[in-house]
Protein chains: 2
Amino acid sequence: MEVNEKQIVSLLRQQGHKITPQRRAILDVIARSDGHLTPAALYQRVNRQYTGIGLVTVYRTLGLLAGLGLICRVHTGGSCHNYLLRRPEEHHHHLICSGCTKVVDLAGCNLAAEAARISDKTGFEIESHLVEFTGRCGDCRQLALT
Amino acid sequence: MEVNEKQIVSLLRQQGHKITPQRRAILDVIARSDGHLTPAALYQRVNRQYTGIGLVTVYRTLGLLAGLGLICRVHTGGSCHNYLLRRPEEHHHHLICSGCTKVVDLAGCNLAAEAARISDKTGFEIESHLVEFTGRCGDCRQLALT
DNA sequence: CCTGCAAATGAAATTAATTTTCAATAAGTG
DNA sequence: CACTTATTGAAAATTAATTTCATTTGCAGG
């Protein structure tokens with residue numbers, strides 16, 4: 001099930017949120033983007049097309065969407081500036097390039113059994129998990145050779 | 001192989017770093033601590049016992065130790081303030097309580113095969129990975145019932 | 001033990017990301 | 001169309017971490 005812009009809009013309305021031009025613009029940019037964006041990058045892109053949208057609004061909208069589970073965060077190893085990204089259809093993991101900080105989605109996740117085992121062993125009620133692989137992408141490895 | 005304070009000191013010396021009272025104090029606190037500490041928490045503890053050690057020095061020392069691989073970072077889901085923790089003997093993962101932010105180490109890691117598969121598929125040269133489970137610990141679940 | 005130099009320290013300033021405050025504005029219900 | 005309430009944007013405030021720089025200090029070599 002692919003979550004499209006229309007569905008997001010109606011979900012927002014259901015939850016009592018208003019559909020403002022700013023939110024539309026932000027959603028639009030997120031929907032178009034094929035990758036992952038920092039709040040700042042999103043802000044820049046939004047303002048390239050639509051004028052006068054504040055960075056604060058970007059943060060607030062991202063918070064709202066994250067709260068509804070429509071987008072999720074990535075922790076990039078280095079300086080811990082967290083990235084925000086388009087929500088893919090299903091649970092997945094991330095692969096981050098240590099050279100260019102590009103983020104690639106990894107489909108498939110076989111940690112349910114592992115989670116159950118951990119739960120048994122520790123008494124924790126497991127709510128979620130985060131898996132990130134870090135490495136150098138093909139492009140960055142090429143560059144290193146020259 | 002358990003890394004003790006003496007070994008760390010000699011490793012530092014080997015690498016041409018000086019052993020200052022500040023570093024000793026910080027190492028001492030890290031060695032005593034049974035859990036994970038934020039830079040700020042470490043700073044407080046250090047200054048409870050020894051006076052006049054600057055937060056900057058704490059950051060610098062943590063950076064140094066992390067560079068040498070003697071400590072590692074945890075990304076706590078919520079507000080992305082990263083935690084620093086005592087380096088356990090071997091590669092492991094973390095289990096974080098969403099109630100009290102307690103961090104528990106999880107021994108064992110069977111993701112080497114997974115990493116190899118990802119490398120083949122994506123062309124990335126995998127350098128490292130990060131796995132964190134989040135949930136509610138036994139204590140916090142108890143509290144929720146009352 | 002003394003000397004000198006490179007490394008380390010601490011205070012303050014700086015950078016950067018994010019959040020809060022608050023008055024003005026606008027969405028959408030009735 | 002009016003009214004209520006959520007939303008917005010600018011600026012200020014917070015928070016985390018890093019940089020700068022003058023001063024201090026560890027420690028290697030005499």
Side-chain angles (χ1 to χ4, degrees), chain A residues 8-29 36-47 49-68 71-85 101, chain B residues 8-29 36-47 49-68 71-85 101:
Chain A
I8 293 179
V9 167
S10 64
L11 176 59
L12 287 177
R13 247 195 265 272
Q14 262 177 49
Q15 307 271 329
H17 300 290
K18 294 177 177 172
I19 307 305
T20 62
Q22 291 89 337
R23 284 184 181 163
R24 275 189 190 287
I26 291 169
L27 282 173
D28 191 44
V29 171
H36 302 71
L37 297 166
T38 57
L42 182 54
Y43 170 68
Q44 288 189 326
R45 290 206 197 182
V46 167
N47 274 283
Q49 302 176 252
Y50 314 81
T51 335
I53 293 178
L55 180 55
V56 207
T57 299
V58 171
Y59 273 106
R60 278 191 283 232
T61 303
L62 289 173
L64 178 65
L65 295 174
L68 294 172
I71 56 175
C72 60
R73 294 183 175 215
V74 188
H75 299 258
T76 60
S79 46
C80 189
H81 300 150
N82 55 357
Y83 273 44
L84 288 136
L85 73 163
T101 71
Chain B
I8 293 178
V9 167
S10 65
L11 176 59
L12 286 177
R13 246 195 266 271
Q14 263 178 48
Q15 307 271 330
H17 300 290
K18 294 177 177 172
I19 308 304
T20 64
Q22 290 89 338
R23 283 183 182 165
R24 274 189 192 286
I26 292 169
L27 282 173
D28 192 42
V29 171
H36 302 71
L37 298 167
T38 57
L42 182 53
Y43 170 68
Q44 287 189 326
R45 290 207 197 181
V46 167
N47 275 283
Q49 302 177 251
Y50 314 82
T51 336
I53 293 178
L55 181 56
V56 207
T57 300
V58 172
Y59 274 108
R60 277 190 283 231
T61 304
L62 289 173
L64 179 64
L65 295 174
L68 294 172
I71 56 174
C72 60
R73 295 183 175 214
V74 189
H75 299 258
T76 60
S79 46
C80 191
H81 300 150
N82 55 358
Y83 274 44
L84 287 136
L85 72 162
T101 71

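To find a chain, count down the sequence lines: A is the first, B the second, and so on, and within it residues start at 1. These values consider heavy atoms only, across backbone and side chains, with no hydrogens, waters or symmetry-generated copies.
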Atom CG of Leu12(A) to atom P of dA6(D): distance rounded to whole Å? 15 Å
Euclidean distance, atom CD1 of residue Ile53(A) to atom P of dA10(D) [Å, nearest integer]: 11 Å
Looking at Val58(A) and Ile26(A), what are the two nearest heavy atoms and their distance? CA-CD1, 3.9 Å
Taken to the nearest whole Å, CZ/Arg23(B) to C1'/dC27(D) is 13 Å
Starting from the 5' end of DNA chain C, give me the residue, Thr57(B) or Gly16(B), whose nearest nucleotide shows up first. Gly16(B)
If every non-hydrogen atom of Tyr43(A) is compared with every non-hydrogen atom of Gly54(A), which pair is closest and at what distance? CE1-C, 3.6 Å
Least distance between heavy atoms, Arg23(A) atom then Lys18(A) atom: NH1-O, 2.8 Å
End-to-end axis angle, where each axis spans five pairs of the helix from dC1(C)-dG30(D) to dG30(C)-dC1(D), to 10°: 40°
With the sugar-phosphate defined as primed atoms, P, OP1 and OP2, and the base as all remaining atoms, what B/S/- string results for nucleotides 19-27 of chain C, 5' to 3', for protein heavy atoms under 4.0 Å? BBB-----B
Who are the side chain to side chain donor-acceptor pair (under 3.5 Å) partners of Asn47(A), not counting sequence neighbours? none
Pairwise 5' ranking along DNA chain D for Ala40(B) and His17(B), keeping only the more 5' one: Ala40(B)
Quick check: closest heavy atoms across Leu37(A) and Ala41(A), and the distance to 0.1 Å? CD2-CB, 4.2 Å
What's the separation between atom CG in Leu68(B) and atom CD in Gln15(B), rounded to the nearest 0.5 Å? 5.5 Å
dist Arg13(B):CZ -> Ile19(B):CD1 (nearest 0.5 Å) comes out at 5.0 Å
Whole angstrom value for the distance that separates C1' of dG9(D) from CG of Asn47(A): 12 Å
Is any side-chain N or O of Gln22(A) closer than 4.0 Å to OP1 or OP2 of dG9(D)? yes
